[in-house]
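Atoms within each ligand, like the ligands themselves, are counted from 1 in listed order. These figures come from a predicted structure and were not determined experimentally.
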Amino acid sequence: ASEADEKDLVIIGGGVAGYVAAIKAGQAGLKVACIEKRGSLGGTCLNVGCIPSKSLLNNSHLYHQILHDTKKRGIEVGDVQLNLQQFMKAKDQSVEGLTKGVEYLLKKNGAEYIKGAGAFADEHTVQINLNEGGERSVRGKNIFIATGSESTPFPGLTIDEKRVITSTGAIALEQVPKKMTVIGGGIIGLEMASVWSRLGSEVTVVEFLGQIGGPGMDAEIAKMTQKILAKQGLKFKLNTKVASGDVGSDAIDLKIEAAKGGKEESLDADVVLVAIGRRPYTAGLGLENVGLETDERGRLVIDHQYRTKIPHIRAIGDVTFGPMLAHKAEEEAVAAVEYVTKAYGHVNYGAIPSVMYTYPEVAWVGQNEAELKAAGVKYKVGTFPFSANSRAKTNLDTEGMVKFIADAQTDRILGIHIVGPNAGEMIAEGTLALEYGASTEDVGRTCHAHPTLAEAFKEAAMVCYDKAIHY
Ligand code: FAD
Ligand code: NAD
């Protein structure tokens, strides 16, 4: 290989894990290349995940609010129309701006961006099928695998991304479906169900478990959230499984039944969204050429320094253990580069926030009640409803609550769970509290500005060790 192809670090995958590692390594003065086959940087998150979905969530909320939530505020609006083409264009513009921005950041930090599909030729060499045609190989003293994840398929339903869709189809529909069935009431299911329901679809969510929200969401919060979403028009079928699906020329007919078995029922829709989780993606990576294997769930096995059994090959982001979240991937990218450059890094897996961007948002960090019960931990709970918060009341936006869970003896915060307006921003304070090992009294004795929604956060903490003032 030429000198240009000898790198300190080669990264396969230019998603959040890969591009952040490339920037961090560039900043540290490493010679780094990031290989991405998609044609743009940012991976699932920027191209077909976090960013486009939030554009649709934000603008569909605005549309829904203009239609249904202005009169009582004294705002009379005229003829409101949805222009779905422009709606999608606004989303595409956000995506394009951000992916180009990432490309600029790589350049600025001296990281080489190679457009193509990478595969291991040997333990130090990655062979690249270039997008523009031809091949090239690069050698890395270190190699990071950051190839991300893909939607888990539903057996018996073939995805065409038009009528039987994953989230990728759900962010790009050309018409508002009359009826939509969502298989899986986790985060993707509920975010996308919200978007299309607000735009006019009749949406039914079929969830195998007895609660919505996917892994991690506290059961009490999930129940409250379900009630709020149901008031917005979403229909739920919990404890229900899809037995089979028939894609007809007019409609898609799903046969559903109780999760434990029972009588079959039919559910027809124009569009079916499969949102039953994601799985690590390592296809075409040539893992067999270096003898690397994945576990039973397709995850690359690593140690606490992100090293595979070949120590200079590391894996970060969705392709390995842990929650499949962009900010988790980012933290790991920084830590993995630091392990290469300084031999230490830091990610606190006990303090990674989760946010569901429905309206209202749901956000949490730390443990939920069921997890603490299962672990036999004695805890206390403090809650505060937004209906007793002055700012929520002035905003005419009072649904939801803040819930603190703290150690019964030491008062140390173990988990914070919020459903309510701006929960996704508010959880940052909770994450900091958890990271610093704060008690609820630490939070309750911290002055919070008035009138803010964050006062509900403080008062929920106060309930844990004393009493709230306003409830
Ligand atoms: P990815 O982003 O999947 O990136 C991997 C990249 O590697 C891909 O671009 C792929 O093309 C490339 N690649 C794969 N194999 C090769 C190869 N052999 N050669 C070259 N390139 C290769 N998370 C949040 O935190 N907040 C959110 O709001 C959020 N919303 C989401 C909404 C949706 C609809 C979806 C699907 C996901 C969402 N996520 C969200 C999850 C988030 O997108 C992922 O956790 C994140 O993208 C993981 O980053 P990654 O770099 O590990 O993988
Ligand atoms: P998920 O794991 O969050 O939820 C999947 C849901 O489908 C679960 O509730 C599960 O019980 C249910 N399910 C599984 N099999 C089923 C079946 N056969 N029938 C009915 N229900 C079934 O997965 P997801 O919503 O697909 O999201 C995938 C990943 O993407 C998650 O890790 C999520 O964290 C991430 N993501 C994050 C965000 C965010 O941070 N806002 C947004 C979208 C996606």
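Scanning P353, G118, A146 for the heavy atom closest to atom 19 (N) of ligand 1 points to G118. Residue nearest to atom 43 (O) of ligand 1, selected from S149, C45, S40: C45 (by heavy-atom distance). Taking each of T166, T147, V355 in turn, the one with a heavy atom nearest to atom 14 (C) of ligand 1 proves to be T147.
Under 4.0 angstrom from ligand 1, there are no non-hydrogen atoms of N47. Under 4.0 angstrom from ligand 1, the non-hydrogen atoms of R278 all belong to its side chain. Only the backbone of V48 comes within contact range of ligand 1, with a heavy atom under 4.0 Å; no side-chain atom does.
The closest approach between any non-hydrogen atom of K328 and ligand 1 is not below 4.0 Å. Using a 4.0 angstrom heavy-atom cutoff, V319 does not count as in contact with ligand 1. The closest approach between any non-hydrogen atom of A117 and ligand 1 is below 4.0 Å. In this structure, K54 is part of the shell of residues with a heavy atom less than 4.0 angstrom from ligand 1. Residue contacts with ligand 1 include Y357, since one or more of its heavy atoms lies under 4.0 Å from the ligand. Using 4.0 Å as the threshold, G116 has a heavy atom nearer than that to some atom of ligand 1.
No more than 12 heavy atoms of other residues, nucleotides or ligands lie within 6.0 Å of CZ in F208, so this atom counts as exposed by the packing criterion. More than 12 heavy atoms of other shown residues, nucleotides or ligands fall within 6.0 angstrom of atom CD in Q86.
Listed by chain and number, K54, F154, I183, G184, G186, I187, I188, E191, V206, E207, F208, L209, G214, P215, A275, I276, G277, R278, M324, L325, V355, Y357 each place a non-hydrogen atom less than 4.0 angstrom from ligand 2.
In terms of polar-atom proximity, L325 is counted as a contact of ligand 1, with an N or O under 3.5 Å from an N or O of the ligand. By the 3.5 Å distance cut-off applied to N or O atoms, S167 is not counted among the residues near ligand 1. Considering backbone and side-chain atoms together, D318 places an N or O closer than 3.5 Å to an N or O of ligand 1. Here's the thing with A283: none of its N/O atoms is less than 3.5 angstrom from an N/O atom of ligand 1. Of the polar atoms of T44, at least one N or O is found under 3.5 Å from an N or O of ligand 1, judged by distance alone. For the pair A329 and ligand 1, the shortest N or O to N or O distance does not fall below 3.5 Å.
Taken to the nearest 0.5 Å, the CG atom of L190 stands 6.5 Å off from the CE atom of M217. One distance of note links CG of L254 with CG of D246; it measures 9.5 Å at 0.5 Å rounding. Here the CD1-CG distance, from I165 to L173, works out to 4.5 Å after rounding to the nearest 0.5 Å. Residue T240 holds its OG1 atom at 9.5 Å from CG of L267, rounded to the nearest 0.5 Å. Between atom CG of residue N368 and atom CD1 of residue I405 there is a gap of 6.5 Å, rounded to the nearest 0.5 Å.
A donor-acceptor pair is defined here as one N or O able to donate and one able to accept, closer than 3.5 Å; no such pair exists between the side chain of Q175 and the backbone of P177. For E36 (side chain) and Y113 (main-chain N/O), no donor-acceptor pair under 3.5 Å exists by modelled atom type. Judged by distance alone, the side chain of N131 and the main-chain N or O of K37 form a donor-acceptor pair under 3.5 Å.
Interface atoms of ligand 1 facing M324, defined by a heavy-atom separation under 4.0 Å, are 41 (C), 45 (O). Those atoms of ligand 1 that come under 4.0 Å of a heavy atom in I35, given as number and element, are 20 (C), 21 (N). Here is the list of ligand 1 atoms found below 4.0 Å of a heavy atom in L285: 18 (N). Listed by number with element, the atoms of ligand 1 under 4.0 angstrom from any heavy atom of H327 are 25 (O). Close approach of ligand 1 to G15 is summarised as follows: ligand atoms under 4.0 Å from at least one heavy atom of the residue are 2 (O), 4 (O), 6 (C), 51 (O). If you number the atoms of ligand 1 from 1 as listed, the ones under 4.0 Å from a heavy atom of G148 come out as 1 (P), 3 (O), 5 (C), 52 (O), 53 (O).
Residues L434 and L432 fail the side-chain proximity criterion, which asks for heavy atoms closer than 4.5 Å.
Shown are E399, R198, Q65; of these, the side chain to side chain contact (heavy atoms under 4.5 Å, CB included) with Y359 is made only by R198.
Side-chain rings of F404 and F457 approach one another, their centers coming within less than 6.0 Å.
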